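The next block holds one structure in the form of structure tokens; read it before the comments.
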Amino acid sequence: MEFSSIKGFRDILPPETGLWQGIEETARKVFSSFGFLEIRTPAMEFTELFSRGIGQETDIVSKEMYTLSDSKGRGMALRPEATASVVRAYLQNGLHEAGGVHKLYTIGPMFRHERPQKGRLRQFHQINAELLGDPGPVSDAEMVIMAMTILEAIGIYEVRLCINSLGCVSCRPGYRNTLSGYLSGIRNSLCEDCRRRAELNPLRVFDCKVESCKEAIKGAPSISEHICRGCAEHFDQVKSYLDLAGLAFTFAPNLVRGLDYYCKTTFEIQTDRLGAQNAVAGGGRYDGLVKMLGGPEMPAIGFAVGMERVAALLEDTIPRYSKGADIFVAALGEASKKRIFPIIAALRKKGLRVEMEYGEKGLKAQLKRADKLNAGKVIILGEDELKRGEAIVRDMATKAQETVPLDRLVSLAERH
RNA sequence: GUGGAUGUAGCUCAGUUGGCAGAGCACCGGGUUGUGGCCCCGGUGGCCGUGGGUUCAAAUCCCUCCAUCCACCCCA
């Protein structure tokens, strides 16, 4: 084979595309019920937008972006996530000037240059929601509830909702220092990765999978005991609204998300069925981001659902057979084919799914195909029928056949 | 970037101590000259991932590269 797709980029074929259409359609309905409207932003932005928004030291920015330069030497990058783009569009189009709360969603491909594995592609797709202009905590709960509602509506139930609070600008730096101090004290019992984490983003040490590290950090100061009164109250409120919605959740003090801009509420929806990639959806509050990208002080919160991961959880629900044609046209011979061709067009105008044999095949072969296509009715037009100006209409389920004048076929046709 | 596994028909996979390339499904045709599903019979379809090496002989043994998958890292 001369050409193949790029590593980590894949084709989505029928019937899987049917599943994807269903996922998108369902998500749009849920968004609509929460009053979220769609925004579509470009797949490429100036690199600076991401490096400033997501964080220079994050893996996403430091080693996973697809970058190139334009003819003037400006760095551009395929978007590795949606939030920075949405915030940029929000500011550029003056939505913040209009005031009020903006509730936006977007669905589309993201790009990260990572080594592919189960549930992880280089081009992957996210369903993304952003709520800008409200400080919470009710909006925090709304977002979590909406994410769970989408998954449930799609048909995914075996998931775990984990939530945490990372604190805000006034309390997180203090905690970070406290934690750093603790970690340097136990540095010798930490794995190599964690020593690196201790420098870059000490909070990440909490979700290390190495047993010795888990043991070593048991005595570490916890976030929940160090967040400020405001953050603690905010978090309590979020939890109480989740309770009111009847949502079961797990408080996960180790849940530390990788993007720099998160603060206060963070959450992740996890499954055990996707190998090492257990996050189906994740998100959190990012009150500082709008300002960081040149806008006003503006609270916001968002989340993303991984479409490949959702699709993977649903792959055994992919229908094996299409819904079926309404009518299959079996015309025998060229004269019959020409006589029936305009009639086929008229039947389709009525909204019917009409299929036909393109080549020259015997009746047996054509009926076989009609069967494969799960056709409801077959219109049979042979030379004898053609001479009489009639066609045979066969009901595939009952095998009943009737003779119908050709000029009445369209008016008699109905959806089966 | 690091580690492990796997590459044979459109798909899922067999292939023995190295000895003619296989099955099931799918597709096409026949059994029925113009009537589907089930059944029966037949057929199409392969650079055995790539390039080298060993050998009388390689899908099989050795090496190279490539691809895919899984895991680490990180994330949706």
Side-chain angles (χ1 to χ4, degrees), chain A residues 1 3-8 10 13 54 57-64 79-83 107-129 147 151 191-194 196-197 200-201 204 207-210 255-259 262 267-271 274-284 302-313 320-321 328 330-333 336 359 361-386 392-401:
Chain A
M1 209 180 319
F3 292 109
S4 61
S5 59
I6 299 168
K7 182 199 284 283
R10 74 174 199 117
L13 305 173
I54 300 169
E57 289 78 31
T58 59
D59 282 17
I60 291 177
V61 168
S62 64
K63 55 187 189 191
E64 295 175 0
R79 60 180 180 188
E81 56 113 44
T83 301
I107 300 175
M110 308 295 157
F111 306 85
R112 292 181 199 171
H113 192 114
E114 300 178 89
R115 189 79 159 249
Q117 67 183 75
K118 191 178 185 68
R120 200 172 72 187
L121 281 301
R122 289 182 175 179
Q123 174 177 337
F124 59 102
H125 299 77
Q126 288 186 338
I127 297 168
N128 210 269
L151 292 181
C191 71
E192 205 173 307
D193 285 328
C194 279
R196 185 172 48 79
R197 290 182 183 114
L200 287 171
N201 186 352
R204 292 221 65 88
D207 57 9
C208 184
K209 289 166 188 166
V210 178
L255 179 64
V256 180
R257 302 186 50 76
L259 285 55
Y262 284 122
F267 66 101
E268 198 166 282
I269 301 172
Q270 303 173 347
T271 174
L274 287 178
Q277 269 56 244
N278 62 359
V280 176
F303 70 79
V305 177
M307 292 186 75
E308 278 79 5
R309 294 182 184 179
V310 164
L313 291 174
R320 292 184 60 193
Y321 304 100
F328 185 87
L332 301 166
S336 298
K361 290 263 174 84
L363 183 57
K364 183 192 172 95
Q366 299 206 40
L367 281 170
K368 215 170 215 175
R369 227 191 109 203
D371 193 56
K372 289 257 159 56
L373 292 168
N374 200 15
K377 297 254 167 72
V378 174
I379 293 174
I380 300 169
L381 185 64
E383 291 179 14
D384 297 345
E385 290 80 16
L386 183 62
I392 295 169
V393 177
R394 176 182 177 84
D395 185 303
M396 289 297 277
T398 66
K399 296 187 176 186
Q401 299 194 162

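Per chain, numbering begins at 1; letters A, B, ... match sequence-line order. Side-chain atoms are counted along with the backbone in the values below, which use heavy atoms only and exclude waters and symmetry mates. Just so you know, these numbers come straight off a predicted model, no measurement behind them.
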Contact summary for A:Phe303 and A:Phe267, nearest pair of heavy atoms: CB-CZ, 3.5 Å
Please work out if A:Gly362 contacts a base, only the sugar-phosphate, or nothing of the nucleic acid, heavy-atom cut-off 4.0 Å. nothing
Out of B:G34, B:C75, B:G3, which nucleotide sits closest to the side chain of A:Arg309? B:C75
May I ask you to verify if any side-chain N or O of A:Lys372 is less than 4.0 angstrom from the OP1 or OP2 atom of B:C27? yes
Give me the distance, rounded to whole Å, that separates B:C63 from B:U6 when you measure between the P atoms they each carry. 14 Å
Please work out if A:Ile392 contacts a base, only the sugar-phosphate, or nothing of the nucleic acid, heavy-atom cut-off 4.0 Å. base
For A:Lys364 and B:C38, give me the distance from atom NZ to atom P, rounded to whole Å. 12 Å
Starting from P on B:G36, measure out to CG on A:Leu332 and report it in whole angstrom. 13 Å
When the C1' atoms of B:U2 and B:C73 are compared, how many Å lie between them, rounded to an integer? 9 Å
Quote, to the nearest angstrom, the P distance that separates B:U12 from B:U17. 27 Å
Could you give the CZ-to-P distance, from A:Arg394 to B:G37, as a whole number of Å? 10 Å
Rounded off to whole Å, could you give me the CG-to-C1' distance for the A:Leu121 and B:C74 pair? 15 Å
Using the C1' atom on both, measure B:A58 against B:A23 and round to a whole Å. 22 Å
Tell me if a side-chain donor or acceptor on A:Arg122 pairs with a main-chain N or O of A:Glu114 at a distance below 3.5 Å. yes
Which of these nucleotides, B:G1, B:U35, B:G36, is closest to any side-chain atom of A:Arg115? B:G1
Please examine the side chains of A:Glu308 and A:His125, heavy atoms only from C-beta on, and report whether any two atoms are closer than 4.5 Å. yes
Tell me, do A:Met110 and A:Pro80 make a side-chain contact under 4.5 Å, heavy atoms counted? no
In whole Å, what separates the C1' atom of B:A26 from that of B:G19? 32 Å
RNA chain B: 5'-proximal contact among A:Glu385 and A:Ser5 (nearest heavy atom): A:Glu385
Under the side chain to side chain contact (heavy atoms under 4.5 Å, CB included) rule, what do A:Ile6 and A:Gln123 come out as? Steps first, then yes or no, please. CA-CA 10 Å; A:Ile6 299 168; A:Gln123 174 177 337; over 6 Å; no
Nearest-nucleotide pick for A:Lys118, side chain only, options being B:G34, B:A71, B:C28: B:A71
Under 3.5 Å donor-acceptor, A:Arg79 side chain and A:Pro109 backbone: yes
Under 3.5 Å: donor-acceptor pair, side chain of A:Arg309, backbone of A:Gly119: yes
Does A:Arg115 offer a backbone N or O that forms a donor-acceptor pair with the side chain of A:Arg120 under 3.5 Å? yes
Which is true for A:Gln366 with a 4.0 Å heavy-atom rule: it touches a base, it touches only sugar-phosphate, or it touches nothing? nothing
Rounded to whole angstroms, how far apart are CG on A:Leu255 and P on B:A76? 10 Å
Name the nucleic acid region contacted by A:Arg369, choosing base, sugar-phosphate or nothing; use a 4.0 angstrom heavy-atom cut-off, strictly under. nothing
Which of these nucleotides, B:C73, B:G34, B:G31, is closest to any side-chain atom of A:Lys63? B:C73
So A:Val310, base contact, sugar-phosphate only, or nothing? Heavy-atom distance under 4.0 Å. nothing
Picking from B:G37, B:A76, B:G34, which would you name as closest to the side chain of A:Arg120? B:A76
Can you check whether A:Lys7 has a side-chain N or O nearer than 4.0 Å to OP1 or OP2 of B:U68? yes
Could you say whether A:Gly282 or A:Gly8 is positioned toward the 5' end of RNA chain B, judged by the nucleotide with the nearest heavy atom to each? A:Gly8
Phosphate OP1/OP2 of B:A71: any A:Gln117 side-chain N/O under 4.0 Å: yes
Side chain A:Gln366, main chain A:Lys361, donor-acceptor under 3.5 Å: yes
Under 4.0 Å: is that the gap between some side-chain N or O of A:Gln277 and OP1 or OP2 of B:A76? no
Using atom CG of A:Leu363 as one end and atom P of B:U35 as the other, report the distance to the nearest whole Å. 6 Å
Mind checking A:Leu381 for me? I need base, sugar-phosphate or nothing, with any heavy atom below 4.0 Å counting as a touch. nothing
What nucleic acid atoms does A:Gln123 come within less than 4.0 Å of, heavy atoms only: base, sugar-phosphate, or nothing? nothing
For atom CD of A:Gln401, decide whether the heavy atoms of other residues, nucleotides or ligands shown that lie under 6.0 angstrom number more than 12. yes
Using the C1' atom as the point on both nucleotides, what is the distance between B:G42 and B:U60, in whole Å? 32 Å
Which string of ( ) [ ] | and . matches RNA chain B, if you list each base 5' to 3' and count Watson-Crick or G-U pairs only when both distances are under 3.5 Å? (((((((..((((.....[..)))).(((((.......))))).....(.(((..]....))).))))))))....
Counting heavy atoms from C-beta on, name the nucleotide in B:U35, B:G36, B:A71 closest to the side chain of A:Gln401. B:U35
Would you classify A:Ala281 as touching base, sugar-phosphate or nothing, given that sugar-phosphate means primed atoms plus P, OP1 and OP2, and contacts are heavy atoms under 4.0 Å? sugar-phosphate
Would you kindly check whether a donor in the side chain of A:Lys399 faces an acceptor in the base of B:G37, or vice versa, at under 3.5 angstrom? yes
Rounded to whole angstrom, note down the P distance from B:A9 over to B:C41. 25 Å
Nearest-neighbour nucleotide for the A:Asp371 side chain, B:U35, B:C73, B:G37 considered: B:G37
Using a heavy-atom cut-off of under 4.0 Å over every strand shown, decide if A:Asp384 touches base, sugar-phosphate, or nothing. base
Please report, rounded to the nearest Å, how far the P atom of B:U33 is from the CG atom of A:Leu367. 14 Å
Within the side chain of A:Arg112, is there an N or O that forms a donor-acceptor pair under 3.5 Å with the backbone of A:Ile60? no
Go through B:A76, B:C72, B:G34 for me and flag the one nearest to the A:Ala279 side chain. B:A76
P gap between B:U16 and B:A21, integer Å: 14 Å
So, OP1 or OP2 of B:C75: does either fall under 4.0 Å of a side-chain N or O from A:Arg204? yes
Integer-rounded Å distance: B:U68 P and A:Ile6 CD1: 11 Å
